[in-house]
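Scroll down for the structure; my scribbles are underneath it.
Because only heavy atoms are used, hydrogens play no part in the values below, and waters and symmetry mates are left out as well, while side chains stay in.
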Amino acid sequence: MIYKQLLLVPLVLVFIILSCDRNPVSSPTGDPTTYYLRYQDKLSQEPGPSSSWLYITYYIYPSGSNTSASWRTNLDWNITNSKYGCDLIFWSQSDAHVRIDYIIDDDGTETILASKDCDIRYISETTGIQIKCDITEDNAILGDNPKSGKNGDLIFRITHISGTNPVEILFDGGPGTIGNTSISVSHDR
């Protein structure tokens, strides 16, 4: 009987050792969250009214007090990596240049996460320009990735950089409409 128990001990130890062996776990890459540009300078996870072709237009000007427009939301999660995206609609009476910025505001201290310059080309009186892209280090300037943001504000800002005419930003439309504009940010929940 003792002999059988002695044989079981090495088998149990081998089982314990094998069951404790783990494959390495990679760090989380973050899930993307889509935020829609909405009325009253808000970013919302809900798009504008459905079944509507209505949209709101903000104008940003080459000079003066309205050279930029911003939308914001409070975060209940942390930014986990440098993955950003946008799907925006612009129009201007002539060629212009704008900059889009992803910013974390932590009690009044702004940290730029990513910036991208975009060309707004004039096509016609009735044709806007869609800027739809992933923001990467190949096509944008990525700032520090703070791996933070929880309880801070995410700010999305568009600034008029060059051109002689105002730039229209179309937003707050429902799904499938011209103004259903959005951004995306990766997070850790």
Report task. Treat each ILVMFWY residue as a node, draw an edge where side-chain heavy atoms are under 4.5 Å apart, and state whether Y39 and I183 are in one component. Result ->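 As far as the 4.5 Å side-chain criterion goes, I183 and Y39 are connected within one cluster.
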Report task. Following the transitive rule for hydrophobic clusters with a side-chain heavy-atom cut-off under 4.5 Å over Ile, Leu, Val, Met, Phe, Trp and Tyr, establish whether I89 and W91 coincide in one cluster. Result ->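 No.
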[X] versus [Y]: any side-chain heavy-atom pair under 4.5 Å?
X: I129; Y: I123; value: yes
X: T57; Y: L170; value: yes
X: C133; Y: K116; value: yes
X: Q130; Y: D87; value: yes
X: L43; Y: L37; value: yes
X: I169; Y: I60; value: yes
X: V98; Y: I131; value: no

Could you tell me which non-hydrogen atom of [X] sits nearest to which non-hydrogen atom of [Y], and how far apart they are?
X: S70; Y: D41; result: O-CB, 3.3 Å
X: Y122; Y: S92; result: CD1-O, 3.0 Å
X: S182; Y: T34; result: CB-CG2, 3.7 Å
X: P175; Y: G48; result: CD-O, 4.0 Å
X: G85; Y: Y102; result: O-OH, 2.6 Å
X: P49; Y: R38; result: CD-NH2, 4.4 Å

Could you measure the distance from the [atom1] atom of [X] to the [atom2] atom of [Y]? Nearest 0.5 Å is fine.
X: H160; Y: R99; atom1: NE2; atom2: CZ; answer: 12.5 Å
X: R72; Y: I103; atom1: CZ; atom2: CD1; answer: 9.0 Å
X: Y58; Y: I158; atom1: OH; atom2: CD1; answer: 11.0 Å
X: I120; Y: F90; atom1: CD1; atom2: CZ; answer: 4.5 Å
X: Y36; Y: T181; atom1: OH; atom2: OG1; answer: 10.0 Å
X: N180; Y: Y55; atom1: CG; atom2: OH; answer: 13.5 Å

**Report entry** Stepwise side chain to side chain contact (heavy atoms under 4.5 Å, CB included) check, Y84 with I100
**Finding:** CA-CA 11 Å; Y84 309 95; I100 60 174; over 6 Å; no
Requested in this report: Please find out if less than 6.0 Å separates the ring center of F171 from that of W71.
Outcome: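 For F171 and W71, the ring centres are under 6.0 Å apart.
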Requested in this report: State, without any angle test, whether S94 and N165 hold a side-chain donor-acceptor pair at a distance under 3.5 Å.
Outcome: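 The answer is yes; a qualifying pair exists.
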Requested in this report: Would you check if the side chain of T127 reaches a backbone N or O of S124 as a donor-acceptor pair within less than 3.5 Å?
Outcome: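 No: the side chain of T127 does not pair with the backbone of S124.
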**Report entry** Option among I104, V185, D106 that satisfies the side-chain contact (heavy atoms from CB on, under 4.5 Å) test with L75
**Finding:**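 Among I104, V185, D106, the one meeting side-chain contact (heavy atoms from CB on, under 4.5 Å) with L75 is I104.
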